[in-house]
Amino acid sequence: MSVNALLTQLTLQEKASLTSGAEFWYTVGVDRLGIRPIMVSDGPHGLRAQPTGGDHVGLSGSVPATCFPPAATVASSWDPSLLYEVGRAIGQEARAINLSVVLGPGVNIKRSPLCGRNFEYLSEDPYLAGELGVGIVDGIQSKGVGTSLKHFAANNQETDRLRVSAEVTERALREIYLPAFEKIVTTSQPWTVMCSYNKINGVSSSENHWLLTDVLRDEWGFEGLVMSDWGAVYDRVAAAAAGLDLEMPPALPYSPDAIVAAVTDGSLPEEVLDDRVRAVLRLAEQGAPILDLDESYDADVHHALARRVAGESAVLLTNDGLLPIAPGTKVAVIGEFARTPRYQGAGSSQVNPTKVVSPLDALSEVFDTTFAAAYTIDSYEVDDALVTEAVDVAKDADTVVMLIGLPGPEESEGFDRTHMNLPANQLRALAAVAEANPRVAVVLVNGSSVLLGDVTPHASALLEAWLGGQAGGGAIADIVSGAVNPSGRLAETLPHRLEDSSSYLNFPGAWQKVLYGEDVFVGYRGYDASHIDVAFPFGYGLSYTSFETSDLEVVTRGSVATNDLAASVSVTVTNTGAVSGRHVVQVYVSDPVASVARPPRELKGFTKVALDAGASTRVSIDLDQRAFSFWLETLGRWVVESGDFVVAVGDNSRDLPLTRTITVDAPPVAAPLTEWSTYQEWLADEQGRALLDEAAAAGQPDLRSYGDLVEVIGNFPLMSLATFAGMAPDHDTVLSMAATWAERHGAGR
Ligand code: BGC
């Protein structure tokens with residue numbers, strides 16, 4: 001039966017109950033009509049399915065699943081095709097347990113390094129997050145399994161996350177916090193979108209008509225279902241009116257009762273409820289085929305994929321030549337994290353892995369290893385005996401591989417961090433070990449960024465391995481031994497100090513409000529605009545080989561007037577080193593002179609290429625009109641202003657040796673003239689000038705006769721100038737000029 005036919009068969013009570021779930025992870029079924037309940041489960045870097053009931057913060061157990069590296073890690077691969085592969089694997093695991101919708105990916109922007117869920121999010125950059133998110137959504141959905149793009153929107157902290165209002169300009173929303181969602185919705189049509197807990201400018205996401213209907217559906221063309229984050233519905237009727245289709249988990253019996261009452265008393269039109277129900281019925285239809293599958297997956301193959309992904313995502317930050325270390329070398333493996341790996345974050349994304357390989361075990365397969373713990377991870381106290389033992393072990397080896405990182409309780413869903421420091425006991429142990437044997441390769445395991453000022457002086461090589469998932473240990477061994485050439489690039493800036501980050505003064509807010517005072521200057525956009533030196537810039541990462549990028553060519557086509565400005569950016573990349581490797585070509589765009597403050601540069605394109613030693617290739621990256629645009633609040637739309645734009649290509653956001661300046665011609669951008677437009681604004685407009693002349697010809701004072709005085713009175717609105725009787729056209733004339741202007745522009749008034 002079609003969705004519309006089903007709708008006619010449902011009672012009001014049934015419709016109302018369909019718009020809340022049946023229980024924690026299931027939608028409501030209606031037996032007599034063959035509507036079957038489907039299962040939804042976390043997400044995002046592996047499944048956390050609890051088919052027999054559960055909780056939303058990972059406290060109870062879940063079905064074993066492959067724990068792929070979390071978002072912060074895979075984002076550093078800068079490789080959407082790799083995320084697609086992960087998506088396919090997760091999709092297959094979902095099929096194997098008859099799971100219809102995976103609750104992810106999370107594509108919120110890392111506004112502050114302190115957000116407790118940064119390990120679960122992709123990047124500080126919206127373009128990168130969007131491209132990578134498309135990879136994972138397409139991968140999962142290619143398996144006939146749905147996704148839930150979350151948390152929509154402006155959920156950039158955990159502090160007071162259910163009540164806090166993100167006080168943010170529309171420009172920052174449009175340019176920073178929404179584009180990843182927009183890109184994924186318009187490219188991939190995720191089956192569902194999950195609204196966030198927080199408010200945006202005072203309105204809860206679940207009740208936000210502008211967000212859920214005007215932007216998501218009407219502007220972006222979203223065709224799927226909007227579900228709530230778990231417990232994000234505060235007023236079920238208001239949420240239904242705003243566009244929230246499915247409440248999860250269900251607030252029973254309150255929510256369905258409230259919907260029935262509201263439809264009955266007319267405060268919620270039944271057609272609005274019908275729209276919500278249609279979305280639920282469509283989802284039930286999409287998800288139903290999964291229910292009857294009897295499939296499996298190969299856990300070893302997925303483990304191997306998880307290892308490859310972790311290897312391609314680790315970022316080599318420094319290397320004085322120590323890495324790679326020849327297999328068979330006598331290596332002291334130091335650090336409790338080598339034996340007791342940290343490989344994912346805590347909360348609703350926590351996967352029960354099919355197996356876990358520790359870095360120590362993996363390194364021991366390649367090297368002649370000894371081990372010392374050096375520190376404990378359940379205490380931050382320096383343990384002198386452990387340090388002494390580590391020093392002895394270090395002295396006795398050719399080379400040291402030392403793992404340090406963030407203990408589990410430091411980063412989790414539910415709360416934010418208060419600092420970016422590594423534990424003092426680990427830093428103390430590192431200093432002692434490096435003094436005993438300076439040949440130390442430091443491997444970092446952490447999901448959120450950390451300060452490295454006390455690490456780099458002691459490290460002959462520094463590898464940011466992030467949280468590597470269940471096979472992360474093997475990936476570390478692969479890179480340390482040179483079996484894998486590192487090709488990860490930072491998806492977030494690593495600052496010298498927390499205080500340097502642009503959200504520092506406004507994070508996490510207080511009294512249920514957080515002001516996004518830095519506006520669009522998030523991540524590298526902020527560090528660059530304020531000329532702040534950083535430890536490692538956005539986009540940075542080393543390799544065991546070297547690459548040269550040359551012969552930049554930028555060819556533009558289309559025009560702003562026809563709304564199809566585009567550019568092709570091509571460069572030649574050569575692997576100038578001795579081993580094969582992968583390189584990320586990054587394209588940034590700057591608009592040096594604009595009517596609004598714009599970030600000094602913004603990532604607008606990238607591609608990852610694999611090249612054998614000595615090989616060269618020509619790559620081409622396309623930019624569309626959006627790459628040159630900003631959101632102009634006054635007009636409520638994207639705008640490109642005439643003038644020069646710089647297209648810069650290079651290895652990271654602070655190393656862009658190749659640039660081309662292109663000149664863009666665009667229609668003038670101006671707000672409609674009204675009586676409250678300034679004299680200068682009237683003068684800048686052809687019709688405006690004509691109307692001033694017409695007024696003068698009709699005997700009104702001629703403002704234009706004052707010549708240079710325009711500098712002084714130019715910023716007065718005409719209505720204000722009218723107050724200076726005898727000097728400017730009078731009030732009635734100004735009003736009629738404004739009306740005529742509107743008429744001539746067909747704007748009406
Ligand atoms: C989280 C979501 C998650 C949901 C279900 C919420 O607390 O914010 O990301 O999908 O729980 O576990």
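Counting starts at 1 for both ligands and their atoms, following the listed order. Position 1 is the first residue of the sequence, and the numbers go up from there.
One finds the CG atom of N201 at 9.5 Å from the CD atom of E170 (value rounded to the nearest 0.5 Å).
Interface atoms of ligand 1 facing Y197, defined by a heavy-atom separation under 4.0 Å, are 6 (C), 7 (O), 8 (O). Each of the atoms 5 (C), 12 (O) of ligand 1 lies under 4.0 Å from some heavy atom of W25. In summary, the atoms of ligand 1 found under 4.0 Å from a heavy atom of D229, numbered by their order in the structure, are 1 (C), 2 (C), 3 (C), 4 (C), 6 (C), 7 (O), 8 (O), 11 (O). Atoms of ligand 1 lying under 4.0 Å from at least one heavy atom of H151, given by number and element, are 2 (C), 8 (O), 9 (O). The distance from ligand 1 to the heavy atoms of K150 drops below 4.0 Å at these ligand atoms: 2 (C), 3 (C), 9 (O), 10 (O). Residue-ligand proximity, E413 to ligand 1, at heavy-atom distances under 4.0 Å covers atoms 1 (C), 6 (C), 7 (O), 8 (O). Of all atoms in ligand 1, listed by their number and element, those nearer than 4.0 Å to a heavy atom of M194 are 10 (O). Every atom of ligand 1 with a heavy atom of R48 under 4.0 Å away is listed here by number and element: 12 (O).
Pairs passing the salt bridge (charged side-chain N to carboxylate O under 4.0 Å, His left out) check and including a residue from residues 284-299, sequence neighbours excluded, read R36-D292, R95-E295.
Under 4.0 Å from ligand 1, the heavy atoms of R161 that appear belong solely to its side chain. In Q350, neither the side chain nor the backbone holds a heavy atom less than 4.0 Å from any atom of ligand 1.
Residues A239 and E207 approach most closely at N-CG, 4.0 Å, considering heavy atoms.
Between F538 and W78, the gap from one ring centroid to the other is short of 6.0 Å.
For F24, the heavy-atom gap to ligand 1 stays at 4.0 angstrom or more.
Side-chain atoms of W466 and S76 form a donor-acceptor pair, as typed in the model, at a separation below 3.5 Å. One side chain, Y516 or N156, offers a donor N or O that lies under 3.5 Å from an acceptor on the other. No hydrogens or angles considered: nothing links the side chains of H151 and R161 as a donor-acceptor pair under 3.5 Å.
Partner of L47 under the side-chain contact (heavy atoms from CB on, under 4.5 Å) criterion, out of I90, L103, D42, V63: I90 alone.
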